[in-house]
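See structure below.
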2 protein chains.
Amino acid sequence: MVQERINEFAKYIEKKGLKTTQQRNDIIRTFLKSGGHLSVDDLHQKVKKVNPRVGYATVYRTLKLLSESGVAVERHFDDGHTRYEHLEPEEHHDHLICIKCGDIIEFEDKNIESLQEKVAKKHGFRVVTHNLEMYGYCKKCNGNT
Amino acid sequence: MVQERINEFAKYIEKKGLKTTQQRNDIIRTFLKSGGHLSVDDLHQKVKKVNPRVGYATVYRTLKLLSESGVAVERHFDDGHTRYEHLEPEEHHDHLICIKCGDIIEFEDKNIESLQEKVAKKHGFRVVTHNLEMYGYCKKCNGNT
DNA sequence: GTCAGTGCAAACCTTTTGCACAGGT
DNA sequence: ACCTGTGCAAAAGGTTTGCACTGAC
């Protein structure tokens, strides 16, 4: 499925008249191979192990392209670092974030989603994206505050 | 009710051994008199009309105190500006944010809240705060994208 | 050969901080 | 008097951009 995402992105790149480059490939492969919620810095560190000549700015620029193409999603949690994660198409989830250990748990709840749509409709609002984050203590950290 | 918030904050200040100053008063009164979701810059502009000698840093420092005391709540929407709003105690709401005109609609939905708690419990998670934002087109902007 | 991509460093923007002075208690 | 608060300007931290060079097509 990594290959599918790569193809999807290649198609997007081509449609926009952009070019396939070694750096972009390295960045994308590294990104797709990594799980979780990566900051730009995290990803830059990892990419540098594969190709030490890749600069910070290129990672930013490529992540922006990945977001536009729909392969990556930008997350703005409260810690001041933009993080990126990759999703399968149609996939969607929200987050539980531990304010002690920083662990991030993903969840999906169709009931919440449909109530959200209901609220939006009531206000004549057409939702494009949403995000729901809950901050608190995870199972491990709970109790030993 | 503005006065109640001011008293509440005064109590917090005193408990921490801090001081009541003219600047803090000006900032707090201006903040409480304003509705909506203010950026630091918005508030600084407004306060300067009352007291032109108030500096940017003091607004930041005071807003941080207001957040700690519970009088203000920090919001991190996707536009990269931290915004603050004031809430009555026990009040809580979430946001619908128009990505065209920037309008912010507040809503509250107890059903969503309780489903959130249920999800958290399922993961052994103790929630301290959460935020739910939906981005899209408001009634006015919908259609004329 | 052309035009987009890259690396680097500088610029940017929001937020924080150090410092000397002002002011509340 | 003491010690916190303030304004200013500088620093910090994350992100973006200008530029000259590289490399894909």
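In what follows, chains carry the letters A, B, and so on, assigned in the order in which the sequence lines appear, proteins first and then strands, with residues in each chain numbered from 1.
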Practice item. Scan residues 17-36 of chain A for pairs that pass ring-ring contact (aromatic ring centres under 6.0 Å, His included), counting only residues two or more places apart or in two chains. Key: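 Every ring-ring contact (aromatic ring centres under 6.0 Å, His included) pair that includes a residue of residues 17-36 of chain A, provided the two are not neighbours, is A:Phe31-A:His86.
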
Point to revise | Pairs flagged by ring-ring contact (aromatic ring centres under 6.0 Å, His included) wherever residues 94-132 of chain B is involved - sequence neighbours left out | key: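 Qualifying pairs, neighbours excluded: B:His37-B:His95, B:Phe77-B:His95, B:His92-B:His130, B:His93-B:His95.
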
Check your understanding: Partners of A:Glu4 by side chain to side chain contact (heavy atoms under 4.5 Å, CB included), sequence neighbours excluded?
Key ->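 Applying side chain to side chain contact (heavy atoms under 4.5 Å, CB included) to A:Glu4 gives none.
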
Could you tell me whether the side chain of [X] and the main chain of [Y] form a donor-acceptor pair under 3.5 Å?
X        : Y        : answer
A:Arg75  : A:Asn131 : no
B:Ser114 : B:Asn111 : yes
B:Arg5   : B:Ile28  : no
A:Tyr12  : A:Val71  : no

Looking at DNA chain C, which of [range] put a heavy atom within less than 4.0 Å of it?
range                     : value
residues 32-52 of chain A : none
residues 19-31 of chain B : B:Lys19, B:Thr20
residues 61-69 of chain A : A:Arg61

Check your understanding: In a check of ring pair (Phe, Tyr, Trp, His ring centres under 6.0 Å) between B:His44 and each of B:Tyr56, B:Tyr60, B:Tyr84, which one passes?
Key ->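 Exactly one pass, corresponding to B:Tyr56.
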
Exercise for review: Using a cut-off of strictly less than 4.0 Å between a heavy atom of the residue and any atom of DNA chain D, enumerate the qualifying residues of residues 70-86 of chain A by number.
Suggested key: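 The answer is A:Gly80, A:His81, A:Thr82.
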
Point to revise | Below 4.0 Å: OP1/OP2 of D:dT16 and any side-chain N or O of A:Tyr60 | key: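 No, no such contact exists.
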
Review point. What residues, two or more places apart in sequence or in another chain, satisfy salt bridge (Lys or Arg N to Asp or Glu O under 4.0 Å) together with B:Glu133?
Key: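 If we apply the salt bridge (Lys or Arg N to Asp or Glu O under 4.0 Å) test to B:Glu133, skipping adjacent residues, there are no hits.
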
Practice item. Provide the full list of salt bridge (charged side-chain N to carboxylate O under 4.0 Å, His left out) pairs with a residue in residues 46-66 of chain B, sequence neighbours left out, each pair given once. Key: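 Those involving residues 46-66 of chain B do not exist here.
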
**Study point:** Pairs involving residues 90-99 of chain A, ordered by first then second residue, that meet salt bridge (charged side-chain N to carboxylate O under 4.0 Å, His left out) (sequence neighbours left out)
**Key:**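 For residues 90-99 of chain A: none.
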
**Study point:** Boundaries of the DNA chain C segment in contact with chain B, non-hydrogen, under 4.0 Å
**Key:**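 Result: C:dT14 to C:dT25.
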
Can you find a heavy atom in the side chain of [X] that is under 4.5 Å from one in the side chain of [Y]?
X        : Y        : answer
A:Lys118 : A:Leu115 : yes
A:Asp42  : A:Arg83  : yes
B:Gln116 : B:Val127 : no

Practice item. Share the residues that join B:Val73 in a hydrophobic cluster, the rule being Ile, Leu, Val, Met, Phe, Trp or Tyr side chains under 4.5 Å apart at the heavy-atom level. Key: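 Result for B:Val73 is B:Leu87.
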
